[in-house]
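Presented below is the structure to which this report refers.
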Amino acid sequence: MVSQFDRRAVMLGGAVAAGAVVSAAQAKVAKTLARPGFLWGSAGAAYQIEGGNYASDLWVMEHAKPTIFKDPSGDAADSYNRVWEDIALAASLGFNTHRFSIEWSRIEPEPGQISLAGIAYYRRVLETIRRHGMTPFVTYNHFTTPRWFAAAGGFETRDGIAPFVRYCTLITQHLDDLIGLASTFNEPNLGALVSWSPAIRPLRPYIEMSRKAAAASIGAARFAPPVLGDFRIQQPIMIEAHERAHEAIRKASNDRYLVGVTLSLNDERAPASGPSGVEAKQAQVMLPWLAAQGDFIGVQNYTYTEVGPDADLPAPKGVELSQMGYPAAPEALEAVIRTVANHTNKPIYVTENGVATEDDIRRVAFIDRAVAGVVNCLRDGIDVRGYIHWSLLDNWEWFSGYGPKFGLVAIDRATFARTPKPSARHMGAIARKGLPAGLKSR
Ligand code: BGC
């Protein structure tokens with residue numbers, strides 16, 4: 001009988017080559033599939049680092065006129081070709097996990113047309129992470145979708161659910177033996193979160209214009225990339241898509257790994273005076289997702305906000321801002337973990353936390369304070385199981401282009417050379433040292 005593993009290698013059309021890599025990886029897998037303890041690492045997302053994701057929705061938007069994108073993503077960090085180097089670097093720093101995303105459009109560039117080469121590529125990525133002794137943390141979808149999916153209405157229609165679940169099932173059938181942990185979506189609540197920001201509201205007409213221009217540029221009637229979709233319509237649809245994907249992944253993998261969702265969460269604070277919108281905002285942005293089916297919550301936090309009754313208030317005068325224009329607030333992470341733990345018993349992984357700055361000394365201090373917050377939570381018995389820093393590399397920061405620097409590692413945009421910053425070694429030293437004596441994650 002052809003084993004699961006062989007069948008996959010044969011299906012991928014590279015029995016000999018794949019078989020050789022697979023068996024090397026297999027030994028590692030047996031070792032690392034066991035619970036790895038507290039996870040330390042860094043994260044990235046395909047579209048922000050791979051480069052050349054021509055079949056993705058945002059590529060269309062970046063090149064349509066007008067566009068709301070500052071810079072086209074272009075070659076990004078050329079990680080499509082250099083991911084092996086990136087993984088080796090992350091492992092050499094001392095990390096035991098690596099969070100990355102699979103680009104759906106590389107797997108299904110046209111509806112129903114599956115790229116076996118695309119799947120084989122991500123298989124090699126997973127094997128490489130395993131060979132370096134790290135647990136692969138896979139995001140099935142980090143914002144971008146295939147252009148055909150956005151042109152069909154994305155998640156602004158319930159018709160978007162089935163293709164997404166099919167994609168998640170397919171990935172699981174081919175790659176489940178190597179995955180360590182997974183989330184369906186990355187920050188599906190981001191639209192709800194930013195709808196509270198007074199800075200975003202005036203941009204709505206431009207977003208609409210940019211969507212229309214993208215639709216026109218490919219002769220489509222509409223264009224709905226989920227990251228720019230109407231969150232009021234999308235939210236219930238994406239919750240259903242997440243729950244169905246969760247079920248499908250658990251089933252196709254025989255419950256091999258935990259499947260959660262990662263959420264964008266600010267430390268929401270009541271204003272010093274006047275009415276507070278904290279509860280209303282949490283009810284819209286966080287609670288529906290905490291209540292959704294899933295095995296863990298990925299906490300992604302960058303800042304705090306003071307929340308008035310129907311919108312965030314401007315950042316207090318004089319506070320230190322990051323390059324993103326919001327307060328750089330490492331202490332916000334601890335508060336957010338505590339808030340989430342007050343509303344759910346699910347395990348928590350910090351799947352993103354970081355600061356956009358040119359000043360790497362600030363990043364080092366930020367990491368220390370954020371990690372101290374995680375340790376405080378663990379001491380209080382909160383079930384936190386990992387701290388994953390955003391980001392391994394300086395990368396393409398969506399609407400802000402190549403300006404903001406979130407990376408532990410600098411990228412020369414002409415040669416793509418990678419240069420670890422002091423913060424990379426610092427974060428690596430924290431990872432190697434592990435949790436303080438006497439503290440364990442569950
Ligand atoms: C996203 C990342 C992004 C980071 C920093 C998160 O919203 O998941 O893709 O780069 O924040 O803005």
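Order of listing sets the numbers, starting from 1, for every ligand and every atom in it.
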- Run down the list Phe406, Trp398, Tyr47 and name the one with the heavy atom closest to atom 5 (C) of ligand 1. Phe406
- Closest approach of Val165 to Arg244 (non-hydrogen atoms, all atoms of both residues): CG2-CB, 3.7 Å
- Note on the structure: For Gln300, the atoms of ligand 1 under 4.0 Å from one of its heavy atoms are 8 (O)
- Note on the structure: Note: ligand 1 atoms sitting under 4.0 Å from heavy atoms of Glu397 are 3 (C), 5 (C), 10 (O), 12 (O)
- Is it true that Lys405 and Asp360 make a salt bridge, defined as a side-chain N closer than 4.0 Å to a carboxylate O? no
- Item | Donor-acceptor pair, side chain of Tyr402 and main chain of Ala76, under 3.5 angstrom | yes
- Message: Within the supplied structure, the quantity of interest is the number of heavy atoms (other residues, nucleotides, ligands) at a distance under 6.0 Å from Glu331 CD; does it exceed 12?
- Response: yes
- Task: Pick whichever of Glu352, Glu187, Gln323 has a heavy atom sitting closest to atom 7 (O) of ligand 1.
- Result: Glu187
- Task: May I ask you to identify the nearest protein heavy atom to atom 4 (C) of ligand 1, giving residue, atom name and distance to one decimal place in Å?
- Result: Tyr302 OH, 3.4 Å
- Query: Quick one: are the ring centres of Trp398 and Phe143 less than 6.0 Å apart?
  - Reply: yes
- Partner of Asp394 under salt bridge (Lys or Arg N to Asp or Glu O under 4.0 Å), chosen from Arg418, Arg413, Arg363, Lys421: Lys421
- Note on the structure: Contact region, Asn186 to ligand 1, non-hydrogen atoms below 4.0 Å, reads side chain
- Item | Numbered atoms and elements of ligand 1 in range of His142, under 4.0 angstrom, heavy atoms | 1 (C), 2 (C), 8 (O), 9 (O)
